[in-house]
Student: 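Quick one: the structure is below, questions incoming.
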Amino acid sequence: MTLMERTKKYVKQSLKIPEEYEILFVSSATECWEIIAQSLTQSVSQHFYNGAFGEKWAFYTELAGKKISRHPFDINSSLPVSDLDTQAEWLCLTQNETSNGSMIPMDHLKELNNAKEEGQLIAVDATSSMAGIYLDFALADIWFASVQKCFGLPSGMGILICSPATIKKAQDINEQKHYNSFLRILENHQKNQTHHTPNILDIYLLYRTSKISKGIEHIQEKVLQRYQNWTSIVDQFDTFDWLVKNEEVRSRTVMTLQCENPKLVKEKARENSITLGNGYGEWKENTIRIANFPAIKGKEIDKLVKFLKKTFD
Ligand SMILES: *Cc1c(COP(=O)(O)O)cnc(C)c1O
């Protein structure tokens, strides 16, 4: 219980989460999709997406028996705020779409937050950006992530962050039918307890890393600097180009590069003891993905850049 209390305190400090928000530890980001559907949605949620993770979220919500309003948009477009469905209880977005390396910048989220009707809530999947870039938590009611991406920790835990309005909504709905019903998780966490035996190793590592963290602004500076370096490197190559051409909505933490023959690129990388990330879903055959996560070391990036220059320049 002491560990839990301290971990929540340091995570709040390092990520700049508003004091009145709650932090809950669950099993994964995927579980968060289900918790929102089963415990926090009465009838309908609207899903804005342009990639595989956002679409999966919509799929699981429907599977949980809720109505959804699907809103796909292009990977180079801004969030289509004017298409907001005023009937939806939740407006669901994937802040950083890991499958294609696009993102929703904070000022677009702010526009949505300004445009929504009273009583509508915003839920954000920030799995591959939380703890990597600054997120303005006050702009949404639920944020979630799992720890194996920008947190740089072993997989097997999800973090759900929620506003007082989310808690109020949960109490109004009062869904209690599942081991992971939102209110059951919340009531345990408010006593620094958990609804099942948690991933104590991950909680401990999160405690240690957030305690010594210099804060999200410091981390973001490093991530953005590395992203800028990558931008000038990609510019030098004819073999590679960004999948997302509109830089405003291009991810800073998941770099998705278009190339003609990703299979060959990955093979050559493997010969040099480098494992490059596959493209995902519909971009599997024409992209590779490179993580720009804080835990990656400078010398690892140097090695990769050296290999790319040697092989493709
Ligand atoms: C990785 C990822 C998930 C799934 O995370 P799990 O830990 O496997 O549940 C969900 N959404 C996004 C955007 C992701 O990048």
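Order of appearance sets the numbers: ligands from 1, and atoms from 1 within every ligand. These figures come from a predicted structure and were not determined experimentally. This chain uses plain numbering: 1 for the first residue, then up along the sequence.
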Student: Angle class for the W33/F53 ring planes (parallel below 30°, perpendicular above 60°, tilted otherwise)?
Tutor: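 W33 vs F53 ring planes: tilted.
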Student: For R208, does the CZ atom sit with more than 12 other heavy atoms under 6.0 Å from it, leaving out its own atoms?
Tutor: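 No, because the 6.0 Å sphere around CZ of R208 holds 12 heavy atoms or fewer from other groups.
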Student: Does any N or O atom in S146 lie less than 3.5 angstrom from one in ligand 1, N or O only?
Tutor: yes
Student: Would you say F53 and ligand 1 have an N/O pair spaced under 3.5 Å apart?
Tutor: no
Student: If we only count N/O pairs under 3.5 Å, is E31 in contact with ligand 1?
Tutor: no
Student: Report yes or no: does a heavy atom of K149 sit under 4.0 Å from some atom of ligand 1?
Tutor: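 It does; at least one heavy atom falls under 4.0 Å.
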Student: Using 30° and 60° as the class boundaries, would you call the ring planes of F237 and F240 parallel, tilted or perpendicular?
Tutor: perpendicular
Student: At a non-hydrogen distance cut-off of under 4.0 Å, which region of T30 contacts ligand 1 (side chain, backbone, both, or neither)?
Tutor: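 Under 4.0 Å from ligand 1, T30 contributes backbone and side-chain atoms.
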Student: So how far is it from E285 CD to E260 CD, rounded to the nearest 0.5 Å?
Tutor: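 One gets 13.5 Å once the value is rounded to the nearest 0.5 Å.
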Student: Would you call the rings of Y207 and Y10 parallel, tilted or perpendicular if under 30° counts as parallel and over 60° as perpendicular?
Tutor: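 Tilted, since the angle between the ring planes falls between 30° and 60°.
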Student: Would you indicate which of V26, D125, N96, T98 comes nearest to atom 11 (N) of ligand 1 when only heavy atoms are counted?
Tutor: D125
Student: Under 3.5 Å between some N or O of ligand 1 and some N or O of T94?
Tutor: no
Student: To the closest 0.5 Å, what do you measure between CG (L160) and OG (S27)?
Tutor: 11.5 Å
Student: At a 4.0 Å cut-off, with the gap strictly under it, does some heavy atom of W33 reach an atom of ligand 1?
Tutor: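 The answer is yes, since W33 has a heavy atom less than 4.0 Å from ligand 1.
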Student: Hey, does the side chain of S45 reach the backbone of W90 with a donor-acceptor pair shorter than 3.5 angstrom?
Tutor: no
Student: Between ligand 1 and V254, can you find any atom pair, the residue atom being a heavy atom, that is separated by under 4.0 Å?
Tutor: no
